[in-house]
Amino acid sequence: MAEDGTPAGTAYAVADLVGEIAARERADAPRWVWASTARLYPRLLEAGVRVARCHDLELVENLLLGHAGRYGEPRSVRAASARLRGEPVPPDPPPAQEASAQPSLFGDDGDRASPADDLGRIVEVHAAQQRAAAGLDGFALLAAAESAGALVAAEMGFDGLPWSTAEHDALLTELLGPRPSGGLRPRRLQDLADRINAAFGPRTHVNPDSPAQILKAFAAAGLPIPSTRAHVLKGVDHPAVPLLLEYKELARLHTAHGWAWLDTWVSGGRFRPEYVVGGVVSGRWATNGGGALQIPRVLRRAVVADPGWCLVVADAAQLEPRVLAALASDRAFTDAAAHGDLYEALSDAFRSDESTGGLPARAKAKLALLSAMYGGGTGEAVQLLGVLKSRFPDAFEYVEAAARAGERGRLVRSLLGRTCPPPSAGWRELTLAGDDDRDAPEAPPGGGRRSATAAQALRGRGRFTRNFVVQATAADWALALLASLRRRLTALGPPRLVFFQHDEVIVHAPAELADAVTEAVRASAEEARSLLFGATPVVFPMEIAVVDRYADAK
DNA sequence: TCTTCACGCGCC
DNA sequence: AAAGGGCGCGTGAAGA
């Protein structure tokens with residue numbers, strides 16, 4: 001359904017739906033209203049059709065449900081319609097079923113309903129969503145940005161990230177040895193495994209892939225350790241330790257991003273992951289398969305532009321603390337965030353403090369900020385948080401308030417209204433947090449001290465909501481950037497968004513358009529800033545590199 | 001045998 | 001006083 005042009009809900013039959021959509025798009029580029037971009041848009045892309053704008057009913061329904069504290073309820077058009085009519089709400093079809101069924105292009109379930117029924121529900125649900133969004137500050141922008149993100153995600157999955165199989169294979173061979181046949185370990189890994197066994201003595205046999213066996217072997221050697229995490233191993237004096245550390249690093253590369261990964265995920269010189277918009281409650285994207293958001297740095301040399309093309313790699317510098325500055329409107333903090341290196345600008349506040357060891361002032365500022373946003377703070381960070389609190393009280397209070405809200409079982413939201421899930425029933429029971437109005441969480445009604453488990457649950461929820469307001473607003477900003485950049489790139493023609501990872505984008509573009517793309521990225525960052533924060537003095541600088549290969553960007 | 005879990009590590 | 005957010009993935013080990 002097109003949002004404008006044809007009167008809403010007027011059904012007319014067409015012989016060639018994809019062709020009709022292409023024609024309408026060329027004629028007046030409406031905002032297409034459909035059930036699910038993820039299910040429907042790939043079919044248009046296959047047919048060579050791209051659209052400028054859409055309204056994704058399921059994604060928006062999900063945002064609205066979350067805002068209402070009904071996170072996780074069915075989001076299909078059918079379910080949304082049933083809610084409006086007060087009818088029983090059907091569960092969402094499982095993803096597997098979605099994949100195997102051939103859905104109608106616009107509706108969410110074409111096999112039982114007539115197209116007219118589908119259309120009726122779409123019109124009804126769309127109208128209800130628009131009414132709901134109009135009453136919520138920022139929500140219309142959020143809905144548009146989420147929908148635009150869905151278009152970007154489908155397009156990036158379709159276009160793929162330029163990937164050199166030869167470079168990838170060469171890297172693996174350098175680090176691991178030649179590709180082994182069968183399920184054998186690569187030579188270098190087998191070599192390390194043998195030496196690890198030798199280091200533990202003739203009577204011990206360990207599989208270095210088994211944490212349990214490693215723990216036993218260290219215990220037998222008189223060196224009990226709590227886990228086999230790398231930072232724990234680093235503190236142990238034993239000849240097997242350096243070998244194990246090297247083994248773990250290489251084994252990780254082999255299992256997660258080795259030849260099997262290459263065979264599975266790269267074809268035709270492109271890595272094509274499936275991005276999942278709205279896959280993370282904070283608004284960050286997730287991916288299905290391929291681990292697109294966890295590509296190890298060492299593999300970035302395999303991301304190579306086509307001949308005559310370049311990669312414009314852009315990331316938002318220090319995005320989350322800048323978001324906090326703009327959210328909190330902390331005078332001293334926004335001044336620091338008004339230009340250049342935020343941590344450096346904050347350093348003065350931490351420089352005079354000699355009692356916290358040898359960390360440079362910039363590192364102290366960074367540690368304090370991260371602790372405030374993540375809810376961390378052990379040892380040195382406790383003291384640095386104190387500095388933050390006294391020098392930047394509003395910024396400090398902003399995240400503290402979010403943490404308190406979380407501990408009381410309340411919901412917190414991003415700037416545009418993306419809302420965290422409510423705590424589980426188990427959490428409420430454990431923490432006696434059913435009473436949202438009580439104001440002293442550490443002194444529960446009923447007298448006795450709260451159990452250690454309950455205290456831990458409270459703190460965990462506080463950390464979550466503390467981080468949520470910043471991470472989710474950063475995701476708001478990134479989505480706005482993406483939507484703006486997509487529009488600008490369309491105007492340029494060939495350049496394509498090929499990668500997006502929380503605060504970083506890669507555009508694949510003809511070399512002669514590198515400057516134009518760079519300018520488009522800067523303009524998009526600026527547009528995202530003013531869309532979210534209006535006239536804030538906080539800047540969101542982009543670090544942009546034009547390179548042939550991703551590895552050369554930093 | 002299949003499923004689920006904990007672990008450990010990659011990215012932001 | 002202590003307090004570390006969000007994910008995906010492959011592995012070995014335990015449970016059904």
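Chain letters run A, B, ... following the sequence lines, proteins first, then strands; residues in each count from 1.
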Roughly, in whole Å, what's the span from [atom1] in [X] to [atom2] in [N]?
X        : N      : atom1 : atom2 : answer
A:Arg297 : B:dC11 : CZ    : C1'   : 9 Å
A:His205 : C:dG12 : NE2   : C1'   : 13 Å
A:Gln213 : C:dG12 : CD    : P     : 9 Å
A:Arg229 : C:dG4  : CZ    : C1'   : 12 Å
A:Leu189 : C:dG10 : CG    : C1'   : 14 Å
A:His257 : C:dG10 : NE2   : C1'   : 11 Å
A:Glu274 : C:dC9  : CD    : P     : 10 Å
A:Asp209 : C:dA13 : CG    : P     : 10 Å

Using only side-chain N and O atoms of [X], determine if any of them is under 4.0 Å from OP1 or OP2 of [N].
X        : N     : value
A:Arg463 : C:dG5 : yes
A:Ser282 : C:dG5 : no
A:Thr228 : B:dG8 : yes
A:Asn288 : C:dG8 : no
A:Lys248 : B:dG8 : no
A:Gln471 : C:dC7 : no

Kindly point out which of [options] is positioned nearest to the side chain of [X]?
X        : options               : value
A:Gln294 : C:dG8, B:dG8, B:dC12  : C:dG8
A:Ala286 : C:dG8, C:dA13, C:dG5  : C:dG8
A:Arg459 : C:dA13, B:dC11, C:dA3 : C:dA3

What contact category does [X] fall into here, base, sugar-phosphate, or nothing, at under 4.0 angstrom with non-hydrogen atoms?
X        : value
A:Glu320 : nothing
A:Ala230 : sugar-phosphate
A:Arg461 : nothing
A:Ile295 : sugar-phosphate

Looking only at atom P, what distance separates C:dG4 and B:dC12, rounded to whole Å?
22 Å

Is it the case that the base of B:dC9 and the side chain of A:Arg252 share a donor-acceptor contact (distance under 3.5 Å, atom types as modelled)?
yes

Determine whether any donor atom in the side chain of A:Arg284 lies under 3.5 Å from an acceptor atom in the base of B:dC12, or the reverse, and answer yes or no.
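Checked by distance alone, the answer is yes.
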
Taking only Lys NZ, Arg NE, NH1 and NH2, and the carboxylate oxygens of Asp or Glu, determine whether A:Lys389 and A:Glu400 approach each other closer than 4.0 Å.
no

Does a side-chain N-to-carboxylate-O contact under 4.0 Å join A:Arg322 and A:Asp503?
no

Going from CH2 on A:Trp261 to CG on A:Leu253, what distance comes out if it is rounded to the nearest 0.5 angstrom?
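Taking CH2 in A:Trp261 and CG in A:Leu253, the distance rounds to 10.5 Å.
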
Measuring from atom CG of A:Leu311 to atom CZ of A:Phe499, what distance do you get when rounded to the nearest 0.5 angstrom?
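Going from CG on A:Leu311 over to CZ on A:Phe499, the span is 11.5 Å.
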
Sub-6.0 Å ring centroid separation between A:Phe333 and A:Tyr398
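That pair fails the under 6.0 Å test.
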
C:dG4 base stacked by A:Tyr374 (centroids within less than 5.5 Å, tilt under 30°)
no

Residue among A:Trp285, A:Phe158, A:Phe500 satisfying ring pair (Phe, Tyr, Trp, His ring centres under 6.0 Å) with A:Tyr275:
A:Trp285

